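What's counted below: heavy atoms across the whole structure, side chains too, no hydrogens, waters or symmetry copies. This is a predicted model, so every value here is computed, not measured.
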Amino acid sequence: TYLASRIEKSLESILDGEANTRVVDSWRYLSLDYEHKAYVGTDPTKTAETSNCHQQAHSYVPDLTVQPYWDVQGAEWRQKLEANWEEIRDEFVQVISD
């Protein structure tokens, strides 16, 4: 969609390297309504499909290790997003009002 492509272009313009690829891939999955399930138990005979011990993610980042909580305090991409939040908000408002 138009909105999805605008958001993708904005992400690409503010992120670099591997972070860019992972975040943009995650955005693409989200815009396609992809839902990811990963097994988080210890039984090697179980999978996300055969166990209730799984994480289900509507916002999936490829190759991100499954864990209960991610501390992004020092993440460079987080700092860039925070520094540009007003521009991101303004672009979003402009896109949704078209």
Side-chain angles (χ1 to χ4, degrees):
T1 68
Y2 177 72
L3 176 59
S5 65
R6 292 283 306 266
I7 292 172
E8 184 173 325
K9 287 183 190 323
S10 293
L11 288 170
E12 289 173 339
S13 72
I14 61 172
L15 298 170
D16 299 325
E18 184 180 335
N20 178 335
T21 301
R22 290 177 61 178
V23 172
V24 170
D25 284 350
S26 177
W27 171 252
R28 288 175 181 155
Y29 281 118
L30 182 63
S31 67
L32 295 171
D33 292 328
Y34 174 76
E35 189 172 319
H36 184 76
K37 286 174 73 171
Y39 176 62
V40 293
T42 57
D43 183 344
T45 66
K46 301 279 186 179
T47 67
E49 290 74 31
T50 62
S51 172
N52 288 329
C53 187
H54 63 268
Q55 280 189 341
Q56 197 163 340
H58 299 281
S59 179
Y60 171 62
V61 178
D63 300 321
L64 192 63
T65 305
V66 176
Q67 65 183 51
Y69 175 77
W70 281 93
D71 182 8
V72 297
Q73 193 64 28
E76 185 179 333
W77 61 265
R78 176 185 171 260
Q79 294 165 355
K80 287 181 180 181
L81 285 174
E82 285 183 346
N84 294 293
W85 75 269
E86 290 174 322
E87 181 180 348
I88 295 166
R89 180 206 55 209
D90 294 346
E91 287 179 17
F92 179 74
V93 168
Q94 180 182 4
V95 168
I96 65 171
S97 44
D98 285 346

- Message: Are Tyr2 and Leu30 linked, directly or through intermediate hydrophobic residues, by side-chain heavy-atom contacts shorter than 4.5 Å (ILVMFWY only)?
- Response: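 Linked within one cluster.
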Determine whether more than 12 heavy atoms belonging to other residues, nucleotides or ligands lie under 6.0 Å from atom [atom1] of [X].
X: Phe92; atom1: CZ; value: no
X: Lys9; atom1: NZ; value: no
X: Glu76; atom1: CD; value: no

For [X], which residues count as a salt bridge (Lys or Arg N to Asp or Glu O under 4.0 Å) partner, sequence neighbours excluded?
X: Asp25; result: Arg28
X: Glu91; result: none
X: Glu82; result: Arg78

- Hey, what do you get for OG1 (Thr21) to CD (Glu12), rounding to the nearest 0.5 Å?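 Separation between the atoms: 9.0 Å.
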- Item | Results of side-chain contact (heavy atoms from CB on, under 4.5 Å) for Asp71 - residues two or more places apart only |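 side-chain contact (heavy atoms from CB on, under 4.5 Å) check on Asp71 returns Tyr69, Gln73.
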- Message: I'd like to check the side-chain contact (heavy atoms from CB on, under 4.5 Å) partners of Ile7; sequence neighbours left out, ordered by chain and number.
- Response: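 Ile7 satisfies side-chain contact (heavy atoms from CB on, under 4.5 Å) with Leu3, Leu11, Trp27 once adjacent residues are dropped.
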- Item | Ile14 to Lys80 - nearest heavy-atom pair and separation |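 Result for this residue pair: O-CD, 3.3 Å.
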- Task: Over all heavy atoms of both residues, which pair between Ser51 and Cys53 is shortest? Give the atoms and the distance, please.
- Result: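 Result for this residue pair: OG-N, 2.8 Å.
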- Can you name the side-chain hydrogen bond (donor to acceptor under 3.5 Å, both in side chains) partners of Glu87, sequence neighbours left out?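 Counting only residues at least two positions away or on another chain, Glu87 forms no side-chain hydrogen bond (donor to acceptor under 3.5 Å, both in side chains).
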Ignoring hydrogens and angles, write down the donor-acceptor pairs under 3.5 Å from the side chains of residues 38-48, residues two or more places apart or on other chains.
{"unit_1": "Tyr39", "atom_1": "OH", "unit_2": "Thr42", "atom_2": "N", "d": "3.4"}
{"unit_1": "Tyr39", "atom_1": "OH", "unit_2": "Asp43", "atom_2": "N", "d": "3.0"}
{"unit_1": "Tyr39", "atom_1": "OH", "unit_2": "Asp43", "atom_2": "O", "d": "3.3"}
{"unit_1": "Asp43", "atom_1": "OD1", "unit_2": "Thr45", "atom_2": "N", "d": "2.9"}
{"unit_1": "Asp43", "atom_1": "OD1", "unit_2": "Thr45", "atom_2": "OG1", "d": "2.6"}
{"unit_1": "Asp43", "atom_1": "OD2", "unit_2": "Thr45", "atom_2": "OG1", "d": "3.2"}
{"unit_1": "Thr47", "atom_1": "OG1", "unit_2": "Glu49", "atom_2": "N", "d": "3.2"}
{"unit_1": "Thr47", "atom_1": "OG1", "unit_2": "Glu49", "atom_2": "OE1", "d": "3.4"}
{"unit_1": "Thr47", "atom_1": "OG1", "unit_2": "Thr50", "atom_2": "N", "d": "3.3"}
{"unit_1": "Thr47", "atom_1": "OG1", "unit_2": "Thr50", "atom_2": "OG1", "d": "3.3"}

